[in-house]
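Here is the structure we will look at, set down as structure tokens.
Just so you know, these numbers use all the heavy atoms, side chains as well, and skip hydrogens, waters and symmetry mates. Each chain gets a letter, A, B and so on, in the order the sequences are listed, and its residues count up from 1.
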Amino acid sequence: MQHIETLIKEKLNSDIRFVEGLNACMNCGICTAICPAAEFYDYDPRTMLTIVQSGNLQKIRELLESDTIWYCGQCMSCKTRCPRHNCPGLVISVLRKISQETGAFTQSRMGRQQYLLRKGLGNALLNIGYSLHPSFIKPADHPEQGPVWQWIFENASEIYKTVGANLDEEGPGVLRKIDKEAMTEFRAIFEETGCLELFRLIDQYSSIKALELGITNEANQPDMDQYLHFIENEQETSY
Amino acid sequence: MEKEQKHVAVIGAGIAGLHTANLLAQSGHKVTILEKEKYPGGHLNQWHHLFPDHSSPEWIISGLLDEQLQFDHLKMISSTEITSIEKNNGHFAINAGNELRIYADAVVISTGFKLFDARQKEEYGYGLFKNVITSADLEQSLKSGQPLTTASGKTPSRVAFIHCIGSRDAKCGNTYCSKVCCITGVKQALEISEMLPETEIFCFYMDLRLYGSKFDDLYLQAQKKHKIQFIRGRLSEAAETHDKRLQIKAEDTLSGRPLRMEVDMIVLLAGMEKNEAHQMFSSTKLLELDEHGFFKSKNIQLTRNETTQPGIFIAGTCICPMSVNETIENAGAASILVNRYLEHQQLTNHHE
């Protein structure tokens, strides 16, 4: 227990985003006032920052294991307003990374969704260079797109041309096919910046969580497809 | 030994300059006050009532001017802006417009402050939305004697005061507290409430710094008698609604909830800033400025009114934000230090 808290402290202090993001908070609440997430969730960036500022590692650890740090949309509006040049959004991005690195993310519902994102957006990025692509939005899964979406989906190559896009084609333009050379470079960046290592850690901690929850196959190994299904349908319980 | 009459130039005829000049004239020195505006009195000319006693500032200015009349050796030159000051052999030559050149044994700078330009905080809409005004605008409105109305002439049903505009804010470069705005807000809230008892009034603050004598009494009165609501939270923005009301966003930090509210009028409690005149003195290396651009005292504890240049003194809000009574006290302190300096100069001259 002591060891993890020391590790958290080290990780916080060695991250430039933390050093730059938290100067000294005077609790004026302007970050919460402008925060779009605070309007929708039981979420208060000011309180989050106060906890981190307190240096109470037990409380910081609880943050890493909570839903709280995953509500932020990283819009950085807080940075535009803070009268002390703090940036709760940056501090949150550090907390998220530490949560991923220590496995604390598997302790909360919102945190567990990291696995969903890593599998969905993460794999898509590594495979085609886009986190989202029109082909992912299957009409059957997205009734909110309306009936016209079925038609757009079926006639994509012609329709995207009419709005100036270059869907899945060689050459320049929006939604173009990302060429091999760019993809190689892109994957190298992911490797070099430690992103792939984070992906690996998310996979590893999520498997452990699946085992812990008894989501296993006949060979008593974690069943990750079932785990994905589980976190996709997990209900809010925190409030 | 007979005293040789010394000459002191006082720059700026706000209350600090007027009071220092009177005290120095009373000590027998020849005094010349230089004022860039047409009339003396400075910012107080635009102010309706003072905290904490709601007295009118007019009697302070007229009192100081009446006092002047008894001194033949005190004169005031108005509509005159200084272009430079030179120091030669311990004496000063002050150059002003109209080829005016004044020699002095000592100089008192009492150039005051500049009101923070609230347009810099674009997110609050001053200069964009007609129903967003500053504390200074409100004073003028109160001074006019007309009932307070919105831009379209309606009686406001809700007014919000916003504290710390241009103060304690690294975003506009002013990290210090202007210190008089909290009590100004409370005073103005009380005045609006007296005038319009049906109007709901809210004060959005970070910390209420009611440091002065009787300031907390006004706060108590505001809450108890006038039901003025104090909400601890800094506004993130104000937006105009289709019917020209204003929607404001803040966090009520004491309950930890985001808050949205519509009001008819916003009063921004604008802080005090360095005067542009300061730059002229520092650019010639004659004087040093502090980290906020106000004049730097030789010693912040002991000799607040002495600058880093012997013979040049400072009085009032060109040193830091001050209330009216603090400014008067400060001007008194400045005159004592000027006297001490001139006496010392006299002795030194005799020995030479």
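Counting heavy atoms of neighbouring residues, nucleotides and ligands inside a 6.0 Å radius, atom NE2 of A:His133 exceeds 12 of them. Within 6.0 Å of CD1 in A:Ile208 there are more than 12 heavy atoms belonging to other residues, nucleotides or ligands. For CD of B:Gln46, the number of neighbouring non-hydrogen atoms (other residues, nucleotides, ligands) closer than 6.0 Å is greater than 12. For CD of A:Glu212, the number of neighbouring non-hydrogen atoms (other residues, nucleotides, ligands) closer than 6.0 Å is greater than 12. Within 6.0 Å of NZ on B:Lys114 lie more than 12 heavy atoms contributed by other residues, nucleotides or ligands.
Counting all heavy atoms, side chain and backbone alike, A:Ile30 lies closest to B:Leu235 at CD1-O, 3.0 Å.
Contacts between residues 240-274 of chain B and chain A, counted as heavy-atom pairs separated by less than 4.5 Å, involve B:Lys249, B:Ala250, B:Glu251, B:Thr253, B:Gly256, B:Arg257, B:Pro258, B:Arg260.
Residue contact with chain B, scored on non-hydrogen atoms closer than 4.5 Å, involves the backbone and the side chain of A:Arg81 alike. Only the backbone of A:Thr80 comes within contact range of chain B, judged by heavy atoms closer than 4.5 Å. Contact annotation for A:Asn27: both backbone and side-chain heavy atoms come within less than 4.5 Å of a heavy atom of chain B.
Remark: side-chain polar atoms of B:Lys171 are paired, donor with acceptor, to backbone N or O of A:Cys82 under 3.5 angstrom.
Between chain A and the options B:Glu237, B:Arg232, B:Lys121, B:Met206, the largest number of non-hydrogen pairs under 4.5 Å is found for B:Arg232. Interface check for chain B: of the options A:Cys28, A:Cys35, A:Gly29, the most heavy-atom pairs under 4.5 Å are formed by A:Cys28.
For the pair B:Arg234 and A:Pro83, the minimum side-chain heavy-atom distance is below 4.5 Å.
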